[in-house]
J.: 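Let me begin by handing over the structure; questions about it come next.
By convention in this document, chain letters (A, B, ...) are assigned in the order of the sequence lines, proteins followed by strands, and residues within each chain are numbered from 1. Remember, predicted model here, so these are calculated numbers, not experimental data.
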Amino acid sequence: MTVGPELALVIPLVGAVGIGLTGSKPNLREAVTLLCAATLLGCVSLIAAQVLQGEHPRWEGPLMGPGLQLVLEVEPLGLLYAMVGAVLWIPNSIYSIGYMRGHHERNQTRFYICFALALSSVMGIAFSGNLPTLFVFYETLTLSTFPLIAHHGSPQAKRSGRIYLGILFSTSMLFLLLGICWAGVANGGDLSFKAGGILGGVDPGVRSVLFVLFVLGIGKAALMPFHFWLPAAMVAPTPVSALLHAVAVVKAGVFCMLKIMLYVFGLDVVRDQVHHEWLMSLAAFTILVSSIVALNQDNLKARLAYSTVSQLSYIVLGASLGSVLGILGGGLHVAMHATGKITLFFCAGAIYVAAGKTKVSQLDGLGRSMPVTMGCFAVGAMSIIGLPPLGGAWSKWYLGLATLDSAWPWLLAVLMVSSLLNVAYLMPIPIRAFFLPPPSGGPEPSGIQEAPLPCLIAMVITAILSLLLFFAPELALALPELALGGKL
Amino acid sequence: MLGSINYLIYVLLMMIGLYAAIAKHNLIKKVIGLSLFQTGIFIFYISLGVVEQGVAPISVDAPTRFANAFDHLAARDGADPEALARAREAVEEVLHPHADHADHGDSHLDVEAPETVAHALEAAGRELPADQAAALTELTRRDRLIVDGVVRPYTNPLPHVLILTAIVVSVSTLAVALAIIVWIRREFGTIEDDELTELELEVNNDAKGGEA
Amino acid sequence: MSGLLPHLPALIVVTPLLGGVLAPLCGKGPTKAWALATAVTWVTFALTCWLAVSVYDQGTAQYFVGTWGVGSAPGPLGAKDWTGIVGIELRVDRLNALVLCLVAGMTAVITPYARLSVAKEIPHDRLHFFYAVWLLCLTGLLGITVTGDAFNLYVLIEISSLTTYILVALGKSRDKRALTAAIRYLFMGTVGASFLLLGIGYLFMCTGTLNMAEMATRVAELRDQRGIHTAFAFVLAGLSLKMALFPVHQWLPKAYAYSPTAVSAFLASTATKVAIYGAFRFLFTVFGTEFSFGVLDANSLLIACSCIAILYGSLVAIRQSDLKRLLAYSSVAQVGYMVLGMALANREALTGTLVHMVNHALVKGAMFLAVGCMIYRLGSAKVSDLNGLGKRMPLTTVCLIVGCLGLVGVPLTGGFVSKWYLVQGALRAGLWPVAVVLLVGSLLAVLYAMRIVEPLVFGKAPEGEEVREAPPSMLLPTAALLVGSLVLGVSGSLKTGLIWTATGDLLGVGQ
């Protein structure tokens, strides 16, 4: 059975309509969400099966004007990203049910609709076959997630929403769109993704400018100094932070980065013909500085946010090396970091719902009343740090190899130092929870119970996924390898 | 200098009008300025249409043109009256064929048709010296009119037609402007521009006050 | 029916003219004159569509009014062929076919809306006159677009302008500042039109013809004459005033803000567009690209003005507290986009301009209509009125939000496509700073759009008063325009068809 990539876009859209129609009956509405998530996963799996057999499902949309067309084409790297999004949407939906109801949030229908729309945009980015399509869905993702960020409607939420829109729109419109148009003008109008890049014949000076525009234009990659939106966006309900800011939005950024390096510039060009040292240095700087900032954050979600900023730059670093190993490591890290970080966010949300605590310093002894949550947190943390037997180990391994293989082996030191910093800002949390006594002075913590069941189910699923990815990384590895044309 | 005096006047009028429209505070004076400004343009158009000695382009039929041309030639010095008379007859022959020729079926002769005129000129040319024949050809052109024995060019009527239209437009503009000014006087109680600006600001502030 | 086809160019102008004459005879009251106007606008729209299809298939349509000696027979002064030299030629090619459809279509959609909205904002004993003037204004706008004669164009510009002054002044019962807005517009508009008249006079003086196609061939030979240069300056100044290009835009914000809302929508979506069409006609057809942009270098001036217009209009729009003024200043900025694309004068940029013209007409029209819905129910349209409107008037809210997205040029709306082509055009012309200005402009548009969207989605409604949703006869036209802009964003048939070929015609490029 052949399934086109357009189906992956349509399923969440239909889901959004279904959610809107069933908005008055919460149970039915959540059932629609789950059904839609499951269908999407099935659809993406079918596409994956085709890709692994060497096919490239393609769909051409309406011609929007001369030289401007929506084209979807499945390539392995995009498929990996789509898989991550589709797989993690299911536990996230389960988790949302527990969180949103446990927390008595308002406007839940709008929340689920926007979620489905965001997923549709994610699929669009993942399967985009040319730069205009990528840009279109990049922007719709920003738009559809804006109401999620400012969900509460409080002044602080609105402020965060403005920062979010402000940074993402200004970078994408000023730099990315300019870069895309310029690329089209410079090379005669060909904007489709091609193995080996499309800018071969372009003047080297222009190419370096384009490199800067593309890199700065992808604000979603949260490279410093365009990272402010990410900590600000943490004001959103936790499921939003979990899926969108551990998986969909930020990964959209780094995925675009990988895709552009691979299919627009081409690895050879990135390595030898553009000034890319500044990007490497910036990524290294972001990795270290945001880790240090994370150390000083007492707010749990803010700490996780800065951790995300740091981890994203691993992928940017991998992309900027312009080597096969770098792309492989980066691609793997998309999947590995996503499963690890979503687990951490699930736990943070669960702690907030069950215990009402948002600060690291309040977590002493919480492991006794919430053992499952804190256990999952420990698993997620170890995956992020890159300790075996968890998935994160693989991606860090390949990234490390990539730095050794490059002309800048000192980057390995950056990775090592950063891993130590990871340990320093993540591990104290489960250690406090399990080994320190509960605070005696404050309100009696004995009333705290485990988080709602849906939340627990969700976080256990993602924690197990992290484990599985260590023992069976074949699928996650196979796709980037396929994208690199078996150059290993 | 004197030849372009109307152009100077048009620029002057326009500048005076524009100055009044911009600098005067009284709306009526502004409207007057605007009218002056437009009048300047009318003078420009009218001046465009003027041709030295030009006459109104009233179409004259071929026989009359020939008759006028012969009269004119006859009045010139050095004309040969006999040759002219013969030529005149020859032309008559072409343009007014006698009744006995009519049975050939050219009773519907088109005297304005270029070939007929050419034919008539050819017939006259046989009777005349070359310079006279050339003068006749020139004088019988359709865009020449001979008035009181003087050859005169037609003036192009178009600019005058245009400016009539433009005058109508300007009068309508004036009417609309005055109507609006009457309304303004009724609503604001003044037609002084600076006072109106202040009143407008007051309305603005009222609206803001109501909002708060 | 097909016997009508050759007469379509004339019928398009005559139909609304007749309607305008008949409307006052319908008698007082809100319904009869309105019904006539609606019928007339829809018939006109159908005729323009028919004409556009035939022009697209068969090429330029010509129609001669008051010319004699068509063909080989000589005219009164002996010239061989008097076709279009003394008389008036109506000439419809792909460019004006597009503008005709746009103008007639927008009017046809807005007129049904006008019934309730106008009845609320204008005294009832004036309504039949309102519709008469409305149709006459349409006549003028369609006439400007259809005519091939320079002087005729001036007269029709004045017809549309005079009626516009009246339409703006009729806003006086809602806000008396409409009157001062109208008189100031009248002063500026008349000066502008007079400049145009003067420019046409110089052109006539140098070329001896008023027919624009004829002028074009003669201007090409006379391009070093000072009279032609003078004509160019006057025509450009006059049209800039009519387009409301910075720095001669001051009439626009007030005129749009205080006129009856249906009129704001009508003017925003048709009048400036027609003026821009006029500029296209003069700069590209009459003077020719080489003369306008090569010999005289008008593009540097136009690019500078339009860049300032984009930035200035958007910045001022951000600071407005009245929605209609906000939209009006946004129009100043959007005119900048269109003129910019025109001045860049390459095919991408021109395509961008034309797409933007259509898109902006649809979106800005829809925005004004949505604001009209608010005024209909709330009596005013301030940014503070938007708080909590999402709960009270959900459909209007959706329209406003979609309209904002269109104004910003978010992907999948027509605004994105036009921005795309404009940026490409700027880069192709080698002017990357201009591309940056374009993009900064759309960022500023995000800011003023946010001022509308944020209170709509997150604001809290004031206590007390119950407010109902606007009636369907007002919502439907609004929604129809927005759907149009979305279709424009996604479907390419109009862009690859009529617009792309029209830009090719303008630049004299093959298909």
J.: Run A/Ile180 and C/Trp420 through side chain to side chain contact (heavy atoms under 4.5 Å, CB included) and show every step you take.
T.: CA-CA 10 Å; A/Ile180 293 174; C/Trp420 173 267; 3.5 Å; yes
J.: Identify the residues of residues 158-170 of chain A whose heavy atoms come closer than 4.5 Å to a heavy atom of chain C, ordered by number, or report 'none'.
T.: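 Only A/Lys158, A/Arg162, A/Leu165, A/Phe169, A/Ser170 of residues 158-170 of chain A have a heavy atom under 4.5 Å from chain C.
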J.: Quick one: closest heavy-atom pair of A/Leu143 and C/Val410, and the distance?
T.: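 What the structure gives for the nearest pair is CD1-CG1, 3.1 Å.
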J.: May I ask you to list the residues in residues 116-138 of chain A that approach chain C closer than 4.5 angstrom, counting heavy atoms only, ordered by number?
T.: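 Heavy-atom contacts from residues 116-138 of chain A to chain C are A/Pro132, A/Phe135, A/Val136.
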J.: Considering only heavy atoms, which portion of C/Leu405 lies under 4.5 Å from any heavy atom of chain A: side chain, backbone, both, or neither?
T.: side chain
J.: Please identify each residue that fulfils salt bridge (charged side-chain N to carboxylate O under 4.0 Å, His left out) with C/Glu469, with sequence neighbours left out.
T.: none
J.: Measuring from C/Leu439:CG to A/Leu178:CG, what's the distance to the nearest 0.5 Å?
T.: 5.5 Å
J.: Output the residues of residues 310-317 of chain C for which the shortest heavy-atom distance to chain A is under 4.5 Å, in residue-number order; output 'none' if no such residue exists.
T.: none
J.: In this structure, are over 12 heavy atoms from other groups packed under 6.0 Å from A/Lys25 atom NZ?
T.: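 Check fails, neighbour count at 12 or below.
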J.: Check C/Glu348, C/Lys419, C/Gln424 against A/Cys181 for a side chain to side chain contact (heavy atoms under 4.5 Å, CB included) and give me the one that passes.
T.: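 It is C/Gln424, the one option of C/Glu348, C/Lys419, C/Gln424 that forms the side chain to side chain contact (heavy atoms under 4.5 Å, CB included) with A/Cys181.
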J.: After noting the C-alpha distance and the side-chain angles of A/Val185 and C/Trp432, does the key distance pass the side chain to side chain contact (heavy atoms under 4.5 Å, CB included) rule?
T.: CA-CA 11 Å; A/Val185 170; C/Trp432 64 266; over 6 Å; no
J.: If you round to the nearest 0.5 Å, how far is OG1 of C/Thr351 from CG of A/Leu68?
T.: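 If I round to the nearest 0.5 Å, the distance is 11.5 Å.
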J.: For the residue pair A/Phe146 and C/Met450, establish whether any side-chain heavy-atom pair is separated by less than 4.5 Å.
T.: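 Yes, their side chains come closer than 4.5 Å.
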J.: Please classify the contact between C/Val490 and chain A as side chain, backbone, both or neither, with a heavy-atom cut-off of under 4.5 Å.
T.: both
J.: Looking at C/Ser442 and A/Met173, what are the two nearest heavy atoms and their distance?
T.: OG-SD, 3.7 Å
